[in-house]
Amino acid sequence: MDQRQALVAFGALSQETRLHIVRMLVVSGPDGMAAGAIAEKAEVSPSNISFHLKELERAGLIAQQRESRSIIYTANYEALGGLIRFLMEDCCGGNAEICARAAAVAACCTPATKGELQ
């Protein structure tokens with residue numbers, strides 16, 4: 001991730017509702033959530049949630065796919081990990097042992113894809 005991409009991502013995350021949506025989608029894992037469920041859980045109108053989802057998708061932090069009549073949104077774990085790596089890139093002046101704990105948290109998990117779930 002380069003600085004321009006990081007700025008777009010941080011800009012998208014700097015709004016309370018969008019940050020809440022990303023956190024919900026991270027928790028929901030690879031199954032994601034339908035737009036209506038996101039709106040309901042975030043207590044936001046459908047038109048308002050659409051605006052926020054577009055901003056997050058434009059920033060590359062979430063993805064969408066159509067399933068039947070629903071649009072399902074999922075967190076883009078690769079992009080979110082890239083954002084964390086961008087922040088930690090020059091961690092502690094090259095003394096990796098100082099920030100090993102933060103690096104371990106950043107690499108904690110990437111949810112299994114639907115095909116990998118048992």
Side-chain angles (χ1 to χ4, degrees):
M1 177 170 287
D2 63 25
Q3 184 170 333
R4 184 196 60 75
Q5 292 169 312
L7 288 170
V8 171
F10 283 123
L13 292 171
S14 68
Q15 199 281 337
E16 183 178 2
T17 300
R18 290 193 290 268
L19 180 60
H20 183 60
I21 291 167
V22 168
R23 293 184 61 144
M24 281 192 300
L25 291 175
V26 166
V27 170
S28 73
D31 291 335
M33 294 177 70
I38 295 169
E40 186 177 308
K41 193 166 182 177
E43 299 178 349
V44 176
S45 71
S47 62
N48 197 305
I49 205 72
S50 178
F51 167 77
H52 291 301
L53 291 169
K54 284 180 188 175
E55 284 297 306
L56 291 168
E57 191 171 17
R58 184 183 67 79
L61 298 172
I62 66 170
Q64 66 165 294
Q65 75 177 46
R66 182 169 288 283
E67 285 187 13
S68 187
R69 293 178 15 167
S70 296
I71 297 178
I72 305 299
Y73 289 88
T74 56
N76 181 340
Y77 294 95
E78 187 174 325
L80 292 167
L83 190 57
I84 294 168
R85 282 189 298 281
F86 175 82
L87 288 174
M88 304 300 290
E89 203 166 73
D90 300 317
C91 181
C92 304
N95 297 312
E97 64 279 357
I98 295 172
C99 60
R101 183 174 177 162
V105 169
C108 70
C109 66
T110 300
T113 60
K114 288 182 182 180
E116 295 172 343
L117 294 177
Q118 297 184 27

>> Please tell me whether Ile49 and Leu19 are part of a single hydrophobic cluster in this structure, the criterion being side-chain heavy atoms less than 4.5 Å apart.
In response: yes
>> Just to verify, what does Arg58 make a side-chain contact (heavy atoms from CB on, under 4.5 Å) with, not counting sequence neighbours?
In response: Val8, Glu55
>> Check this for me: Glu40, atom CD, are more than 12 non-hydrogen atoms of other residues, nucleotides or ligands nearer than 6.0 Å?
In response: no
> Can you check whether Leu13 reaches Leu83 side chain to side chain, under 4.5 Å on heavy atoms?
Replying inline: yes
> Sequence neighbours excluded, which residues qualify as side chain to side chain donor-acceptor pair (under 3.5 Å) partners of Gln64?
Replying inline: Glu57
> If you look at every heavy atom in Ala9 and Ala59, which pair is closest and at what distance?
Replying inline: CA-CB, 4.1 Å
> From Tyr73 OH over to Ile38 CD1, what is the distance, rounded to the nearest 0.5 angstrom?
Replying inline: 7.0 Å
>> With a 3.5 Å distance limit and no angle check, can you tell me whether Tyr77 reaches the backbone of Val26 through a side-chain donor-acceptor pair?
In response: yes
>> For Val22 and Leu80: C-alpha separation, side-chain torsions, deciding distance, then whether side chain to side chain contact (heavy atoms under 4.5 Å, CB included) applies.
In response: CA-CA 10 Å; Val22 168; Leu80 292 167; 4.1 Å; yes
> Can you get from Leu61 to Leu87 by hopping between Ile, Leu, Val, Met, Phe, Trp and Tyr side chains that sit under 4.5 Å apart?
Replying inline: yes
> So which pairs with a foot in residues 17-26 pass side-chain hydrogen bond (donor to acceptor under 3.5 Å, both in side chains), sequence neighbours left out?
Replying inline: Arg18-His52
> Quick one: side-chain contact (heavy atoms from CB on, under 4.5 Å) partners of Ala63, sequence neighbours excluded?
Replying inline: Thr74
> Sequence neighbours excluded, which residues qualify as side-chain contact (heavy atoms from CB on, under 4.5 Å) partners of Ser28?
Replying inline: Leu25, Met33
> With sequence neighbours excluded, what pairs up with Ser45 under the side-chain contact (heavy atoms from CB on, under 4.5 Å) test?
Replying inline: Ser47, Asn48
> Are Ile21 and Phe10 in one and the same hydrophobic cluster, where Ile, Leu, Val, Met, Phe, Trp and Tyr link if side-chain heavy atoms are under 4.5 Å apart?
Replying inline: yes
